[in-house]
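In what follows, a structure is listed as structure tokens, so that the remarks can point back to it.
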Amino acid sequence: EDQVTQSPEALRLQEGESSSLNCSYTVSGLRGLFWYRQDPGKGPEFLFTLYSAGEEKEKERLKATLTKKESFLHITAPKPEDSATYLCAVQAIGTASKLTFGTGTRLQVTL
Amino acid sequence: NAGVTQTPKFQVLKTGQSMTLQCAQDMNHNSMYWYRQDPGMGLRLIYYSASEGTTDKGEVPNGYNVSRLNKREFSLRLESAAPSQTSVYFCASSEVNRDTQYFGPGTRLTVL
């Protein structure tokens, strides 16, 4: 059974204080790993897709990386507007439509 | 270009009542999905439609039915609502069934 574990559950950072969120996964064969951002009361917003170990993608202050067992979402010099819950999901080879989600990391960035 | 839209935004039902959640997308996507999100749990797939005219069960289909009305619209029906179906429901779509999924704003359902 595919599993996704995200840590920490919650993270509080000061503006400018860089950190990383972790997504550990077990899957029979990884087709893709997805990162989403979710604001309170809203639907998940797509950030990145990673397909193979060693791959990296960047968007503004966010950078996602992938290894064979985990993915990291690095947040550099965060701002209060980066406050949100960050969700990780995996898609296994042969399960074309099924995403298995983690429970998310709730990030709060304060001034 | 509104993306994925859902109606209603909020709904309160009594146990045993029925209702249909509506979802539409304007991105010309082939695949559509229904998820539920509960506190402390990840998003879980209820049903999906890989293409117009097809539907398949996901991880938690019991108590739900779906209809792919056309390429744009995918509805979720609760025939006899139960308190265990209190949740936030999200619709999503993707160009094909292996691609990135894009989510709607959600419907918050409470069953008393």
Looking at Leu99(A), Leu87(A), Val4(A), Thr100(A), which has the largest count of heavy-atom pairs under 4.5 Å with chain B? Leu99(A)
Heavy-atom contact with chain A under 4.5 Å, split by part of Arg44(B): neither
Check the hydrophobic clustering (I, L, V, M, F, W, Y; side-chain heavy atoms under 4.5 Å; chains of links allowed) and say if Trp35(A) and Leu13(A) are grouped together. yes
Count the heavy atoms belonging to other residues, nucleotides or ligands that lie under 6.0 Å from CD of Glu81(A), then report whether that count exceeds 12. yes
Same cluster (ILVMFWY, side-chain, under 4.5 Å), Val4(B) and Leu21(B): no
In terms of hydrophobic clusters joined by side-chain contacts under 4.5 Å, are Trp34(B) and Tyr64(B) together? yes
Given Gly58(B), Pro105(B), Gly106(B), the one with more heavy-atom pairs under 4.5 angstrom with chain A than any other is Pro105(B)
So what's closer than 4.5 Å to chain B heavy atoms on Gln38(A): side chain, backbone, both or neither? side chain
For Pro44(A) and Leu43(B), work out which heavy atoms get closest and say how close. CG-CD1, 3.9 Å
More than 12 heavy atoms of other groups within 6.0 Å of Lys71(B) NZ: yes
Who wins among Gln6(B), Glu59(B), Arg108(B) for the most heavy-atom pairs under 4.5 Å with chain A? Arg108(B)
For residues Met32(B) and Leu76(B): do they belong to one hydrophobic cluster (side chain heavy atoms under 4.5 Å, members Ile, Leu, Val, Met, Phe, Trp, Tyr)? yes
Below 4.5 Å, heavy atoms only, C-beta onward: do Lys98(A) and Tyr48(B) meet side chain to side chain? no
With a 4.5 Å limit on heavy-atom distance, are the side chains of Leu45(B) and Phe101(A) in contact? no
Are Phe46(A) and Phe103(B) an aromatic pair, judged by ring center distance below 6.0 Å? no
Same cluster for Phe34(A) and Tyr35(B) if Ile/Leu/Val/Met/Phe/Trp/Tyr side chains link at under 4.5 Å? yes
